[in-house]
Amino acid sequence: MEIPKTYDPKQAEELHYARWEREGCFAPEINADAQSPVYSIVIPPPNVTGSLHVGHALQHTIMDVLTRYHRMKGFRTLWLPGMDHAGISTQVMVERQLKKEGTSRHDLGREKFVERVWLWKEQYGGQILKQIRREGASVDWSRERFTMDEHLSRAVREFFVRCYDEGLIYRGPGMISWCPKDQTALSDLEVEKESQAGKLYYLQYPVKGSERRVTVATTRPETMLGDTAVAVNPADERYRDLVGQTLLLPIAGREIAVVADDFVDPEFGTGAVKVTPAHDPNDYAMGKRHNLPVVMVIDQNARMTVEAGAEFDGLDRYAARELVVEKFEELGLLEKVVDYEFAITKCGRCRTVIEPLVSTQWFLKQAELGRAPLELIREKHEPRFVPEVPYEKVYTNWLENLYDWTLSRQLWWGHRIPAWYDEAGRVYVARTEEEARAKAGTDKLTQDPDVLDTWFSSGLWPISTLGWPDETSPDLKTFYPTSVLVTARDIIFLWVSRMMMTGLKFTGRKAFDDVFITGTIFDKHGQRMSKTKGNGVDPLDVFDKYGVDATRLTLASIGSTDTRWNDSQVESYRNFANKIWNAARFCLLNSEGAQVGKGFEGEPKMWALHDRWIVSRLNRTARDVGRAIEEYQFHEAVYALYHFFWDDFCDWYIELSKSDVSGAEASTARDAARSRVLTVLEQALRLLHPFMPFLTEELWQKLPGVGAESLHPAYREADVTPTVMLAAFPLADASLIDEQAEAEMQSLIELISRVRNIRTELSVKPSEEVRLFISAAGNGLGQLFNASLSQIKRLTRAREVAFTDSTADVPRASARAVLAGGAEVAVPLEGLIDFAQERARIGREVEKLEKESQKLEAQLAYPQFVERAPAEKVEELRQRAADIRQRIGALGQMREALGE
RNA sequence: GCCCGCUUAGCUCAGUUGGUAGAGCGCUCGCUUCACACGCGAGAGGUUUCGUUGGUUCGAGUCCAACAGCGGGCACCA
């Protein structure tokens with residue numbers, strides 16, 4: 001068999017995925033056991049415009065690890081893929097394309113434009129889905145969904161109509177955030193606050209019929225043209241007499257009232273606030289309280305309206321600001337301007353400064369929908385957030401303070417609002433136009449031109465993809481609620497909470513048991529990755545450079561922690577993949593006569609130490625990895641796998657097995673040893689599979705003796721090429737976890753390490769063979785070492801090993817060491833030993849031990865410790881101290897033997 | 001302003017019932033040892049030490065309090 005020395009991931013990555021997919025390995029139907037427990041995940045649907053970024057790769061890796069693990073455990077496992085139509089993002093993308101062609105959506109008209117977006121979706125959308133295949137994600141493509149699929153659109157209309165009928169959705173004027181660039185209303189979650197250095201302008205308004213002026217402070221002087229009052233705190237002595245009086249609004253020349261309102265903080269600014277109900281959320285609320293007129297002075301393009309006055313009409317809001325300030329200065333009414341840092345609101349998508357406007361839109365009373373999820377999290381801590389801190393609290397706090405959700409968007413791409421108007425302007429909300437006509441009693445209806453917020457349909461994702469509103473849908477029955485939602489923290493409110501609301505409302509059950517929030521990946525300087533900064537890491541480049549499996553290990557170990565990306569981590573996992581490849585290469589090159597599953601016959605207690613030990617380590621690792629995955633401690637799982645495979649299996653087990661495995665003559669003993677190595681390798685590949693699907697499959701396929709019978713019972717009947725992804729995840733058999741074997745092996749490892757250490761310290765050439773004297777009879781290790789004689793010889797490059805009662809009898813010119821437990825080893829090195837140096841070497845050793853000894857003795861001499869600490873802890877320390885004393889004694893004798 | 005997280009080896013990070021400080025990378029030395037130089041072997045490196053200061057405890061990186069630096073989230077102070 002020809003196997004290259006270096007693992008090239010490309011081939012495996014191209015080879016296996018298509019077969020898995022073709023043979024239906026990803027679909028839950030592959031599992032023939034209807035009694036199996038169910039495990040399900042719905043993917044956070046990436047935007048149709050999207051391209052894979054490192055955050056996706058992180059989430060998908062976590063989801064795939066969970067999915068593959070549970071599938072191997074025999075669960076009926078579903079990971080459902082799909083995409084989001086991503087309203088604004090997609091529309092803007094297509095508009096940009098049209099612009100290049102010298103046309104626009106308005107030229108095309110609505111119908112043609114939407115057709116065009118669908119076309120675009122077919123052509124370019126779904127790029128990310130191809131990339132998801134590259135990641136090895138074991139999603140069930142037969143259940144792929146898109147938020148604008150007919151079925152999902154039906155779910156959207158059903159959601160809307162039911163909420164409208166219950167009075168949870170209403171249409172009406174309200175203060176909304178308007179993006180002048182995207183030309184649409186936005187919800188409060190789609191805007192971002194940013195602090196900004198600006199100015200605070202102190203403007204004076206004359207009091208009618210008096211010389212007196214009232215000073216108000218504002219960051220937006222241009223809005224004064226729309227002021228309809230000045231408010232003061234009712235308790236503020238300074239202004240008490242002014243309440244109810246009239247002010248003359250400069251420039252506009254309008255008369256406005258002074259009102260008293262508790263909202264006003266007397267401590268801030270001048271204690272008098274200009275009130276612009278049309279252009280500020282607080283002022284709007286205040287306006288409602290005091291019945292103030294609403295004067296719109298800024299339009300949807302962020303330009304001043306005719307209401308702002310002829311001089312301002314059509315002026316940009318910032319130009320108007322300058323002009324207002326100029327005029328105030330001319331009028332002598334500009335008191336002062338001070339530097340001031342304040343929060344500005346920007347469009348989360350395009351970063352344009354938001355214009356708060358009063359506008360007629362559709363709203364959802366979220367507070368009512370939020371009640372059920374709030375109760376659930378408060379009373380049962382469901383869903384379970386991982387990490388619990390801080391996300392459970394963040395989620396809870398948000399649910400406690402819900403505002404109405406602005407649903408309508410002035411876009412063309414999205415779910416059209418299912419509301420129709422008759423000629424009199426009466427509204428009919430219905431699932432279909434027919435239903436609306438029936439309600440209206442006329443077919444002269446016009447549908448509302450607006451579409452719904454993208455998150456309205458995303459919020460239904462777990463139930464709509466599984467079949468809701470068809471409540472009898474088998475998928476909904478089987479796979480809902482889903483097991484876990486894996487996502488980034490920035491959409492906990494936008495998405496996670498909404499799915500909980502809709503799930504609870506329409507099915508009475510939570511959308512998912514757990515919510516796993518991934519960490520954020522920064523660049524190596526700790527900066528957030530962003531397109532504009534160009535500091536992002538493209539996962540596809542990383543795949544090309546280091547392989548998908550190595551990247552997945554890196555991502556899995558990142559898990560929920562915020563971390564700075566560094567390639568060297570991936571490189572080390574690339575090296576690990578290569579290590580696995582070469583370990584398998586060794587096993588395969590020595591596989592003649594061997595078969596997976598054989599070699600471990602008979603009672604474990606009859607096995608050689610290293611065999612008992614590796615089986616113990618394997619079972620321990622299986623237990624730890626399984627436990628870690630189930631607790632979402634992916635870093636721990638990766639750590640356990642890495643060290644089991646590299647340290648235990650490669651560094652020790654394979655090395656200890658070499659003499660048995662690589663004998664020139666075929667024998668049953670050799671076959672058995674080869675089978676054992678292969679069997680451990682095969683089990684290790686299964687453990688690694690959820691993290692490294694491609695490499696493990698590539699190697700597993702090559703192993704002699706694997707086949708249909710290797711599969712988990714649930715998949716034995718399946719008509720598929722046997723694959724490691726359907727093999728049973730190794731069960732951790734507690735009875736095979738052998739503490740004694742592990743302790744004994746530790747002694748053997750220490751012996752070998754100490755001899756190697758002596759060789760290096762005394763510069764014995766690697767090629768030179770030595771003799772060893774071991775004195776271990778007194779502590780029961782003699783038999784143990786004797787049984788491993790050939791391994792000791794091989795790994796320490798010793799040509800002979802002699803057992804003695806004491807190393808006092810061995811040649812004086814020897815380097816010596818004392819092991820934990822008191823066994824001694826001596827390496828005669830005639831000509832290499834400088835007695836003074838060797839005494840010094842032993843002296844350093846004694847010094848180290850003495851330091852530790854002093855610490856222990858001090859603690860044992862401390863009466864309160866001995867009295868209050870648990871007895872077993874005290875005993876443990878006593879034994880350690882005794883062992884160290886004994887070793888110090890032995891070393892002392894050795895030093896004496898080397899005396900002048 | 002309120003809430004929260006982080007601060008451990010040169011770098012990136014683990015450290016889950018409080019009980020002898022860890023990994024990877026990097027560094028030093030030696031090895032083309034018949035799976036692997038993307039490797040093997042041996043080491044150095046945390047000033048009795050885990051941001052600082054106190055506290056609880058026989059015992060604290062681990063629990064509590066305060067402070068500092070950094071980073072988040074929330075917030076209708078013009």
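The model shown is predicted, which means the values in this text are computed figures rather than measured ones. Chain letters run A, B, ... following the sequence lines, proteins first, then strands; residues in each count from 1.
- A:Phe268 comes within contact range of at least one nucleobase, with a heavy-atom separation under 4.0 Å.
- Counting any heavy atom pair closer than 4.0 Å across all strands shown, A:Tyr395 reaches no nucleic acid atom.
- Between A:Lys658 and A:Glu655, at least one side-chain N (NZ, or NE/NH1/NH2) sits under 4.0 Å from a carboxylate O, which counts as a salt bridge.
- Residue contacts shown for A:Tyr639 are limited to sugar-phosphate atoms, with no base heavy atom under 4.0 Å away.
- At the heavy-atom level, A:Cys650 lies under 4.0 Å from base atoms of the strands shown.
- A:Pro863 comes within 4.0 angstrom of nothing in the nucleic acid, heavy atoms only.
- If you check B:A23, B:C4, B:A37 against the side chain of A:Val389, the one that comes closest is B:C4.
- Here A:Arg574 lies in heavy-atom contact (under 4.0 Å) with a base.
- Nearest to the side-chain atoms of A:Asp651 among the listed nucleotides B:G41, B:C13, B:A35 stands B:G41.
- Using the Watson-Crick or G-U wobble rule with both distances under 3.5 Å, B:G69 pairs with B:C6.
- In this structure, a donor-acceptor pair under 3.5 Å is present between the side chains of A:Thr520 and A:Arg489.
- Looking at heavy-atom distances under 4.0 Å, A:Gln859 makes contact with a base.
- Nearest to the side-chain atoms of A:Arg797 among the listed nucleotides B:U33, B:A21, B:A78 stands B:U33.
- Pair assignment for B:C40: B:G30, on the basis of Watson-Crick or G-U wobble contacts that are both within less than 3.5 Å.
- Put simply, the side chain of A:Glu655 and the base of B:A35 share a donor and an acceptor less than 3.5 Å apart.
- Between A:Glu571 and A:Arg574, at least one side-chain N (NZ, or NE/NH1/NH2) sits under 4.0 Å from a carboxylate O, which counts as a salt bridge.
- OP1 or OP2 of B:A78 has not a single side-chain nitrogen or oxygen of A:Tyr201 nearer than 4.0 Å.
- The phosphate of B:A78 (OP1 or OP2) has a side-chain N or O of A:Tyr340 nearer than 4.0 angstrom.
- Side-chain nitrogen and oxygen atoms of A:Lys873 include none within less than 4.0 Å of the OP1 or OP2 phosphate oxygen of B:G18.
- Among the atoms of the strands shown, only primed sugar atoms or phosphate atoms (P, OP1, OP2) are found under 4.0 Å from some heavy atom of A:Asn757.
- Distances shown here put every side-chain N or O of A:Thr6 at or beyond 4.0 Å from the OP1 or OP2 atom of B:C36.
- A side-chain donor from one of A:Thr223 and A:Lys274 sits under 3.5 Å from a side-chain acceptor of the other.
- Summarising the base pairing, B:C63 is matched to B:G55 through a Watson-Crick or G-U wobble pair whose two defining distances lie under 3.5 Å.
- Using a 4.0 Å heavy-atom cutoff across all strands shown, A:Arg880 reaches at least one base atom of the nucleic acid.
- Dashed line: the shortest gap from a side-chain N or O of A:Lys5 to OP1 or OP2 of B:C36 is under 4.0 Å.
- The pair A:Glu852-A:Arg887 does not count as a salt bridge, with every side-chain nitrogen at least 4.0 angstrom from each carboxylate oxygen.
- Defined by atom type and a distance below 3.5 Å, a donor-acceptor pair is present between the side-chain atoms of A:Ser187 and A:Glu190.
- Backbone-only engagement by A:Thr561 is indicated by non-hydrogen atom pairs under 4.0 Å involving sugar-phosphate atoms exclusively.
- Heavy atoms of A:Val264 sit under 4.0 angstrom from at least one base atom.
- If you check every strand for non-hydrogen atoms under 4.0 Å, A:Asn401 touches nothing.
- Of all heavy-atom pairs spanning A:Leu58 and A:Leu555, the tightest one is CD1-O, 3.2 Å.
- As judged by a 4.0 angstrom heavy-atom cut-off over every strand, A:Lys765 is placed among residues making no nucleic acid contact.
- Ring geometry, A:Phe493 versus A:Trp398: the interplanar angle falls under 30°, so the pair is classed parallel (tilted spans 30 to 60°).
- At the phosphate of B:C13, OP1 or OP2 sits under 4.0 Å from a side-chain N or O atom of A:Thr563.
- Nucleotide B:G1 forms a pair with B:C74, judged by Watson-Crick or G-U wobble geometry with both contacts under 3.5 Å.
- Remark: the A:Lys579 side chain and the B:C36 base include a donor-acceptor N/O pair separated by less than 3.5 Å.
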Interface polar pairs with nucleotides 24-30 of chain B, N/O, under 3.5 angstrom:
from  : atom 1 : to       : atom 2 : distance (Å)
B:G24 : O2'    : A:Ser572 : OG     : 3.1

Check residues 576-586 of chain A and write down every donor-acceptor pair under 3.5 Å in which the side-chain atom is one partner and the other belongs to a residue at least two apart or another chain.
from     : atom 1 : to       : atom 2 : distance (Å)
A:Asn578 : OD1    : A:Asn582 : ND2    : 3.3
A:Trp581 : NE1    : A:Pro4   : O      : 2.8
A:Asn582 : ND2    : A:Lys5   : O      : 3.0
A:Asn582 : ND2    : A:Asn578 : O      : 3.1
A:Arg585 : NE     : A:Ile3   : O      : 2.9

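- In this structure, A:Trp646 reaches the B:C40 phosphate: one of its side-chain N or O atoms is under 4.0 Å from OP1 or OP2.
- Residue A:Lys658 is in base contact, counting any heavy-atom pair closer than 4.0 Å across all strands shown.
- Out of B:G39, B:C4, B:G19, the shortest distance to the side chain of A:Pro870 is found at B:G19.
- Shown are A:Asn535, A:Ile521, A:Asp523; of these, the side-chain contact (heavy atoms from CB on, under 4.5 Å) with A:Trp565 is made only by A:Ile521.
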